[in-house]
Amino acid sequence: CTVYSVLNRHKEALDCAEGALRLLLHFLDSDGRAPPGLNANPNITPAMLAIAYYNAGVEQEFLNRQASALLSYECALMVAEKRLGPRAELTKKMRAAFEAAQQQQPPGAAPTRAGRAKTQPKPAPAPQRQTHRSSQSQGSPQSPADTRGARDARARDAGKERGWDNRL
């Protein structure tokens with residue numbers, strides 16, 4: 001992927017990054033865990049998944065696909081935070097990339113929870129199943145679309161739409 005990118009062949013680099021994501025998602029779920037019943041490969045790590053999402057985001061930015069890039073960076077950050085922890089160096093780099101991509105979004109265009117909170121008013125709660133009962137029981141003012149579980153579901157769905165998860 002890097003070689004294609006250095007040669008300014010960003011479409012091929014994106015294809016390579018997406019191929020890496022498809023391959024990695026045969027061994028890890030979208031959260032970076034080995035699915036139950038699958039023989040885990042110790043050489044496939046959550047860090048690799050986060051980096052593959054990051055690489056896809058870089059190439060999407062080169063191709064002026066800013067909204068897709070932001071979502072890829074968000075997926076990279078989500079995996080890094082969950083599997084490596086918030087203090088890991090890789091997590092810090094993924095957070096910086098995500099925040100920089102957020103700054104590049106035009107007002108109202110950010111498809112992420114964080115982008116929506118900065119550029120649009122929070123949507124009214126829609127009648128749907130809560131993903132986190134704890135936020136419901138504590139009387140949290142967040143709408144279902146703003147919960148971490150909803151963000152995780154959005155990231156998984158985006159990966160499936162792009163064909164990154166061929167197991168389903």
Side-chain angles (χ1 to χ4, degrees), residues 1-86 88-116 118-120 145 148-168:
C1 301
T2 303
V3 173
Y4 283 125
S5 188
V6 169
L7 295 172
N8 290 323
R9 295 175 61 183
H10 300 293
K11 174 67 175 111
E12 290 92 340
L14 178 58
D15 292 343
C16 181
E18 289 175 344
L21 282 166
R22 281 191 295 275
L23 181 61
L24 289 168
L25 288 169
H26 280 289
F27 297 98
L28 301 171
D29 65 16
S30 60
D31 289 336
R33 290 184 295 235
L38 183 68
N39 291 333
N41 183 333
N43 297 319
I44 305 294
T45 66
M48 293 172 74
L49 184 60
I51 291 168
Y53 278 121
Y54 171 83
N55 288 343
V58 168
E59 299 312 321
Q60 289 160 335
E61 278 191 296
F62 274 114
L63 295 169
N64 293 317
R65 300 177 187 173
Q66 304 305 327
S68 295
L70 184 61
L71 186 58
S72 294
Y73 290 137
E74 185 176 31
C75 291
L77 177 58
M78 179 187 71
V79 170
E81 281 180 340
K82 283 186 173 189
R83 304 275 58 96
L84 306 175
E89 284 303 312
L90 186 61
T91 303
K92 292 175 186 176
K93 289 178 182 177
M94 297 301 142
R95 185 176 300 107
F98 174 69
E99 290 172 355
Q102 275 186 310
Q103 298 300 316
Q104 300 300 316
Q105 293 294 305
T112 65
R113 176 181 70 125
R116 197 171 32 258
K118 286 185 178 180
T119 61
Q120 299 176 353
R148 183 177 202 95
R151 183 178 82 173
D152 296 351
R154 259 195 329 275
R156 274 192 303 277
D157 292 344
K160 289 177 194 173
E161 288 172 12
R162 294 177 179 153
W164 294 344
D165 189 350
N166 292 333
R167 289 180 286 112
L168 299 176

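Bear in mind that the values here come from a model prediction, so they are computed numbers and not experimental data.
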Query raised in the report: Any luck finding a side-chain donor-acceptor pair between Q60 and S72 under 3.5 Å?
Result: yes
Report summary line: For A80, the side-chain contact (heavy atoms from CB on, under 4.5 Å) test, sequence neighbours excluded, returns A50, L84, T91, M94
Query raised in the report: E59 and Y4: side-chain donor and acceptor closer than 3.5 Å?
Result: no
Requested in this report: Mind checking side chain to side chain donor-acceptor pair (under 3.5 Å) for Y54 and listing every partner two or more places apart, or none if nothing turns up?
Outcome: none
**Report entry** Shortest non-hydrogen separation from A52 to A17 and the atoms involved
**Finding:** O-CB, 4.3 Å
Report summary line: Tightest non-hydrogen contact, residues L14 and A56, listed as CD1-O, 3.7 Å
Report task. Only counting residues at least two apart or in another chain, list the ones meeting salt bridge (Lys or Arg N to Asp or Glu O under 4.0 Å) with R33. Result -> D29, D31
Report summary line: NE2 (H10) and CG (N64) are apart, to the nearest 0.5 Å, by 10.0 Å
Query raised in the report: Partners of Q66 by side chain to side chain donor-acceptor pair (under 3.5 Å), sequence neighbours excluded?
Result: none
Requested in this report: Keeping to residues at least two apart or across chains, list the salt bridge (charged side-chain N to carboxylate O under 4.0 Å, His left out) pairs with something in residues 88-97.
Outcome: E81-R95, E89-K92
Query raised in the report: Distance from L70 atom CG to E61 atom CD, nearest 0.5 Å?
Result: 9.0 Å
Query - Minimum-distance pair of heavy atoms, taken over all atoms of Y73 and A101 - result: CD1-CB, 3.4 Å
Report task. Please collect all salt bridge (charged side-chain N to carboxylate O under 4.0 Å, His left out) contacts where either partner lies in residues 2-17, sequence neighbours excluded, each pair once. Result -> R9-E12, K11-D15
**Report entry** Min side-chain heavy-atom separation L25-L49 under 4.5 Å
**Finding:** yes
Query - Those residues that, when tested against T45, pass side-chain contact (heavy atoms from CB on, under 4.5 Å) (two or more places apart) - result: A47, M48
